[in-house]
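These notes are about the structure you will find just below.
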Amino acid sequence: MLRSDFNFDLPKSLIANFPSKERTACKMLCLDGNTGLVEDKIFIDLESYVKEGDLLVFNDTKVIPARFYGKKETGGAVEFLIERILSSNKALTHIKASKSPKVDTYIILDNDVKIKVVGRDNDLFLIETDVDLLELLNDVGHIPLPPYIERADEDIDKDRYQTVYSKHEGAVAAPTAGLHFDKEQIENLQKKGVSVAYVTLHVGSGTFKPVREDDILKHHMHKEYVSLSNEVAQKVIETHKRGGRVIAVGTTAVRSLESAALYAKENNLGEICEFFNDTSIFIYPGYKYNVVDCLITNFHLPESTLIMLVCAFAGYKNTMNAYEHAVKSNYKFFSYGDCMFITKRTSEIEDFPPSI
């Protein structure tokens, strides 16, 4: 299966650089994974697609101001991007500098706090501080906008690059499908008889890591930590028992649910069970979904692992045709863009890319 199978032409003008005026003010492309039928809707129409008895699963991670700047003791500029917080004063980070800093050297921040480089982990650097790292980030950090948003972060991003239900600090990228929800809409869905559940997956910058291998099966996924409680697992089981659908809000919710389901299957623990562990699950066409029935997701980058995940969910041809329709219809793409509501393809007939 080739990386190029998942390529498509995207005009730069369709990349959303700013959020919409209101969270729910976006377009929503609805895709039926079985028929391939697409419908042009708006996000507030979601209430007519979600049914009583369904379960919405959100990722309640909270984005931290993970990008910050300093200087080496020799004067060279350094840019940090936290990948993963390990403890109150240690983290793994990406570092941009004219020359990589050496182990056991210090970086001095604008507030005179010193960051010590204490080790390497492949392309990442292990750093240590004498102060609480989250407090430091809240003091000097910047919202880590994705690389395709070609502007500096602004005050609006502190609010809008965060879901209204964000709770647990640790992500360096937002679970962007959830950015469209406001509290009123979640409440309206619950009044309709829709249940909600929350998992936590701290999104790492690896979510933007390009697939560089021509053969996608040689690609190695990044690891992210998942917290999925027994209570959530039971809600999934009960939803299916009553004939409801499990609707994942975002690809990170998909990866959390499917990781827990695979763990349960491998250990003879039923349909799904609690899961507190790293996941490096890579979902691409041919994968059989275990618990997710519907997906709310934004539009993803060409040749990315995320569009591969969607192709596995709705079918390759259906997905690529829907993306072609979205481009022609001027949908906005990526983090601050429009979204899709997708029902799972259940046909037994395989739908693989042309290279297969």
Side-chain angles (χ1 to χ4, degrees), residues 59 61-153 157-158 161-162 166 168-176 200-212 219-227 252 255 277-280 301 304-305 335:
N59 179 8
T61 187
K62 188 171 186 177
V63 179
I64 57 175
R67 181 173 282 117
F68 58 106
Y69 304 89
K71 290 184 178 181
K72 299 178 187 177
E73 293 174 297
T74 54
V78 176
E79 176 185 326
F80 292 89
L81 176 63
I82 299 288
E83 173 66 23
R84 190 166 183 174
I85 292 179
L86 302 175
S87 68
S88 62
N89 69 332
K90 288 184 178 180
L92 283 171
T93 75
H94 301 269
I95 290 181
K96 281 186 181 179
S98 57
K99 289 186 179 180
S100 296
K102 296 178 180 179
V103 173
D104 292 330
T105 60
Y106 289 88
I107 312 295
I108 300 147
L109 307 186
D110 291 340
N111 60 356
D112 294 328
V113 170
K114 289 186 176 182
I115 301 287
K116 186 177 182 180
V117 180
V118 296
R120 292 288 299 266
D121 184 355
N122 295 319
D123 294 335
L124 299 174
F125 294 79
L126 178 63
I127 62 168
E128 185 176 68
T129 71
D130 290 330
V131 299
D132 183 86
L133 193 53
L134 284 175
E135 290 183 8
L136 175 64
L137 293 176
N138 286 323
D139 181 29
V140 303
H142 294 259
I143 296 297
L145 294 178
Y148 45 72
I149 295 181
E150 297 178 349
R151 64 173 176 84
D153 61 303
D157 301 306
K158 294 178 182 177
Y161 197 63
Q162 202 81 264
S166 63
H168 302 290
E169 291 182 311
V172 302
T176 55
T200 306
L201 183 150
H202 293 316
V203 191
S205 60
T207 192
F208 305 116
K209 180 182 178 181
V211 178
R212 302 196 184 280
H219 176 71
H220 295 288
M221 284 291 288
H222 56 288
K223 289 183 179 180
E224 293 165 315
Y225 188 78
V226 174
S227 295
T252 57
R255 296 180 73 235
N277 210 333
D278 284 337
T279 182
S280 56
L301 280 82
S304 66
T305 60
S335 297

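- Rounded to the nearest 0.5 angstrom, N277 CG and K223 NZ are separated by 9.0 Å.
- For the pair I85 and L134, the tightest heavy-atom approach, listed with the atom from each and the gap, is CD1-CD2, 3.6 Å.
- Counting heavy atoms from C-beta on, the side chains of P144 and V63 come closer than 4.5 Å.
- The two atoms that bring P146 and Y161 nearest to each other are CG-OH, 3.5 Å, heavy atoms only.
- Heavy atoms from other residues, nucleotides or ligands lying under 6.0 Å from CZ of R151 number more than 12.
- For the side chain to side chain donor-acceptor pair (under 3.5 Å) test, residues two or more places apart in sequence or in another chain that qualify with Y148 are S335.
- Residues D139 and V113 have side chains not in contact (no heavy-atom distance under 4.5 Å, counting atoms from C-beta outward).
- A search for side chain to side chain donor-acceptor pair (under 3.5 Å) contacts involving D153 returns H142, not counting sequence neighbours.
- Atom CD1 of I82 sits about 4.5 Å away from atom CZ of F68, to the nearest 0.5 Å.
- In this structure, the separation between CD1 on I107 and NZ on K114 is 11.0 Å, given to the nearest 0.5 Å.
- Checked against side chain to side chain donor-acceptor pair (under 3.5 Å), E79 has the following partners two or more places apart in sequence or in another chain: R67.
- With contacts defined as side-chain heavy-atom distances shorter than 4.5 Å, the pair H168/H202 qualifies.
- One distance of note links OH of Y106 with CD1 of I115; it measures 11.0 Å at 0.5 Å rounding.
- Here CG of L137 is found 4.5 Å from CG of L133. Values are rounded to the nearest 0.5 Å.
- The two residues V78 and K72 make their nearest non-hydrogen contact at CG2-CG, 3.7 Å.
- No side-chain donor-acceptor contact under 3.5 Å links T93 to the backbone of I95.
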Inset, instruction - Test side chain to side chain contact (heavy atoms under 4.5 Å, CB included) on L201 and V203 and set out the steps. - result: CA-CA 6 Å; L201 183 150; V203 191; 4.2 Å; yes
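- Going from atom CE of M221 over to atom OG1 of T305 covers 4.5 Å, rounded to the nearest 0.5 Å.
- Side chains of H94 and D123 form no contact here, defined as non-hydrogen atoms less than 4.5 Å apart.
- Looking at heavy atoms from C-beta onward, F125 lies in side-chain contact with R120 at the 4.5 angstrom threshold.
- With a 4.5 Å cut-off on side-chain heavy atoms, T61 and P175 count as touching.
- No side-chain heavy atom of T74 sits less than 4.5 Å from a side-chain heavy atom of T105.
- Annotation: side chain of L86 is in contact with side chain of L92 (closest heavy-atom distance under 4.5 Å).
- In summary, the side chains of N89 and S87 do present a donor paired with an acceptor at a separation below 3.5 Å, with no hydrogens or angles considered.
- Using a 4.0 Å cut-off between a side-chain N of Lys or Arg and a carboxylate O of Asp or Glu, R84 and D278 qualify as a salt bridge.
- For K90, the NZ atom counts as loosely surrounded, since its 6.0 Å shell holds 12 or fewer non-hydrogen atoms of other residues, nucleotides or ligands.
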